[in-house]
Number of protein chains: 2
Amino acid sequence: MKRDSRLARMIHVLIHMGLLGGRETSETIAKMLNTNPVVVRRTMAALKRKGVVDSEGGRGGGWVLLRSLDDLTVLDIQKALDEGEVLAAGISEDHPACPVERAANAALVQAFDKAESALLDEFAKLRLSIIAEHAISDGRQVIPPPDGRDGNER
Amino acid sequence: MKRDSRLARMIHVLIHMGLLGGRETSETIAKMLNTNPVVVRRTMAALKRKGVVDSEGGRGGGWVLLRSLDDLTVLDIQKALDEGEVLAAGISEDHPACPVERAANAALVQAFDKAESALLDEFAKLRLSIIAEHAISDGRQVIPPPDGRDGNER
DNA sequence: CTAAAGCGTAACTATGATTGTTACGCAATC
DNA sequence: GATTGCGTAACAATCATAGTTACGCTTTAG
């Protein structure tokens, strides 16, 4: 449990939902992510607020994808999750009045901003539909283990 | 205590050392960073291993800068600290055999790599001597508080 | 040669973030 | 009315950075 994997997990799930095309319960999605339903609801809630998915309670309920995979980019998901900074390194706040600290921070922030722009530009280019196509052509190469497991069960 | 601030702190310290030009004890440096000497030694140890600074024990000991500010870039410090990944987000490892997860991760890694390249490129452009110059001209603008404090004491 | 100054480290605690888990309330459907 | 499923609160587990205390070793002043 080291880095933030919410973006990766949500992309994974949304593509599955787009390919399956129906309604998935948190329980089903939890199995895709090898976790439990509460974690799924927690993260999907952000996507619901931004209109990417919707949920219905009660019998026969679950989650539906509101937009097509072709209409979603990784950037859309990143923004919908509104996590904080994307970069792991940060500035220092030991002596805010020290000119040296201020100059060092200013230089770093400038570099971080350029990197973040580059990242978001790349994210904008990544359509979920394209990733789905790659998954399908990759899936043809993958020989699943006889029992359908992948060595990652509890 | 949120993000990794070691890079920012070390740049701050090295510029001070370059400007002062002498030998600084961990105690003195700790005051610059508003922390204590053990934290300083811990982080400076990495820079010592890479030949950026050297240390001497015993009376009159302390830390010396081995290279000039003009010969050091932020990238040099970043590499010397050999921290792990620079990016906060990561991939998912819930079902390594799932083609969708694999495709999603592959797309993300590609984007992360480009952003990291951009960041390191920027770091390579940032010479510590330039940052020091900015600090000096900024320092002329800053009117220090009468008692020399900056509101960040313990 | 003794004492003080400094680095080098181990060990432990504090803090914060994500993730995992349990429990319970509410809505919808059979 | 019983089951299914979302919505949340509350709490524990895990991990990384940072802070702190303690002790050993080396160097130098006197």
Side-chain angles (χ1 to χ4, degrees), chain A residues 1-10 12-13 17 22-49 53-64 81-94 152-154, chain B residues 1-10 12-13 17 22-49 53-64 81-94 152-154:
Chain A
M1 195 186 317
K2 212 185 318 188
R3 312 176 89 68
D4 187 349
S5 66
R6 279 174 293 186
L7 177 62
R9 281 182 149 180
M10 285 304 102
H12 179 185
V13 162
M17 290 178 69
R23 187 177 296 256
E24 312 293 328
T25 68
S26 301
E27 182 71 36
T28 307
I29 297 174
K31 278 175 191 152
M32 293 179 195
L33 298 184
N34 209 23
T35 179
N36 72 71
V38 178
V39 175
V40 173
R41 292 189 192 113
R42 194 187 282 159
T43 314
M44 296 283 281
L47 301 186
K48 179 179 178 178
R49 276 194 295 273
V53 296
D54 198 8
S55 65
E56 273 184 35
R59 195 162 197 140
W63 299 88
V64 219
L81 289 176
D82 55 31
E83 308 182 353
E85 304 293 323
V86 192
L87 297 168
I91 63 176
S92 62
E93 295 176 313
D94 303 312
N152 213 3
E153 287 77 13
R154 292 279 158 77
Chain B
M1 193 185 319
K2 213 186 317 188
R3 312 177 89 69
D4 186 349
S5 66
R6 281 174 293 186
L7 177 62
R9 281 182 149 182
M10 286 304 101
H12 179 185
V13 162
M17 290 177 70
R23 186 177 297 255
E24 312 294 327
T25 68
S26 301
E27 182 71 37
T28 308
I29 297 174
K31 279 174 190 150
M32 294 179 194
L33 298 184
N34 208 20
T35 179
N36 72 70
V38 178
V39 175
V40 172
R41 291 188 194 114
R42 196 186 282 158
T43 314
M44 296 283 281
L47 301 185
K48 179 178 178 178
R49 277 194 295 273
V53 296
D54 198 8
S55 65
E56 272 183 36
R59 197 166 194 138
W63 298 89
V64 219
L81 289 175
D82 56 31
E83 308 181 354
E85 304 293 322
V86 191
L87 297 167
I91 62 175
S92 63
E93 294 177 313
D94 303 312
N152 212 3
E153 285 77 14
R154 291 279 157 77

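Residue numbering restarts at 1 for every chain, and letters A, B, ... go by the order of the sequence lines. A quick note: this is a predicted structure, and the numbers were derived from the prediction, not measured.
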Asks: Between C1' on D:dA18 and CG on B:Asn36, what's the gap in Å once rounded to a whole number?
Replies: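 These atoms are roughly 9 Å apart.
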
Asks: Of all residues at least two apart in sequence or in a different chain, which pass the side chain to side chain contact (heavy atoms under 4.5 Å, CB included) check with A:Arg59?
Replies: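 Partners of A:Arg59 under the side chain to side chain contact (heavy atoms under 4.5 Å, CB included) test: none.
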
Asks: Rounded to whole angstroms, how far apart are CD1 on A:Ile91 and P on D:dT17?
Replies: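 In whole Å, D:dT17 P and A:Ile91 CD1 are 18 Å from each other.
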
Asks: What is the distance, rounded to the nearest whole Å, between atom CD of A:Glu93 and atom P of C:dG16?
Replies: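 Rounded to the whole Å, the gap is 13 Å.
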
Asks: Taking atom CG of A:Leu33 and atom NE2 of A:His12, what is their separation to the nearest 0.5 Å?
Replies: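 The NE2 atom of A:His12 is 6.5 Å from CG of A:Leu33, to the nearest 0.5 Å.
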
Asks: With rounding to the nearest 0.5 Å, note down the distance linking CZ in B:Arg42 to CZ in B:Arg6.
Replies: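 Here the rounded value is 9.5 Å.
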
Asks: Distance check needed: D:dC6 C1' versus A:Arg49 CZ, whole Å only.
Replies: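 For the pair A:Arg49 CZ and D:dC6 C1', the rounded distance is 14 Å.
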
Asks: Just so I know, are the side chains of B:Met44 and B:Ile29 near enough to count as touching, which here means a heavy-atom distance under 4.5 Å?
Replies: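 The answer is yes, as the side chains (C-beta and beyond) meet within the 4.5 Å cut-off.
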
Asks: Answer yes or no: does a side-chain N or O of B:Lys48 lie under 4.0 Å from OP1 or OP2 of C:dC7?
Replies: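 For C:dC7, neither OP1 nor OP2 has a side-chain N or O of B:Lys48 closer than 4.0 Å.
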
Asks: Could you tell me whether the phosphate oxygens of C:dT19, OP1 or OP2, come under 4.0 Å of any side-chain nitrogen or oxygen in A:Ser5?
Replies: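 Yes, because at least one side-chain N or O of A:Ser5 sits under 4.0 Å from OP1 or OP2 of C:dT19.
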
Asks: If only side-chain N and O atoms of B:Arg42 are considered, is one of them under 4.0 Å from the OP1 or OP2 phosphate oxygen of D:dT17?
Replies: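 Negative; the distance criterion is not met.
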
Asks: Taking atom P of D:dG19 as reference, at what distance in whole Å does atom CD of B:Glu27 sit?
Replies: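 So the CD-P distance, B:Glu27 to D:dG19, works out to 14 Å.
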
Asks: Heavy atoms from C-beta onward define the side chain here; which of C:dC7, D:dA18, C:dT19 lies closest to that of B:Ser26?
Replies: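 Side chain of B:Ser26 sits closest to C:dC7.
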
Asks: Strictly under 4.0 angstrom, non-hydrogen atoms only: write out the protein contact profile of nucleotides 22-30 of chain D, one letter per nucleotide from the 5' end, B, S or -.
Replies: B---BBBS-

Asks: Is a donor-acceptor contact shorter than 3.5 angstrom present between the side chain of B:Arg23 and the base of C:dG6?
Replies: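 Per atom types, no contact qualifies.
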
Asks: Would you tell me if any nitrogen or oxygen in the side chain of B:Thr35 comes within less than 4.0 Å of OP1 or OP2 on D:dG19?
Replies: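 Answer is yes, contact under 4.0 Å.
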
Asks: Using heavy-atom distances to pick each residue's nearest nucleotide on DNA chain C, tell me which of B:Ser55 and A:Arg9 is more 5'.
Replies: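 Final value for this comparison: B:Ser55.
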
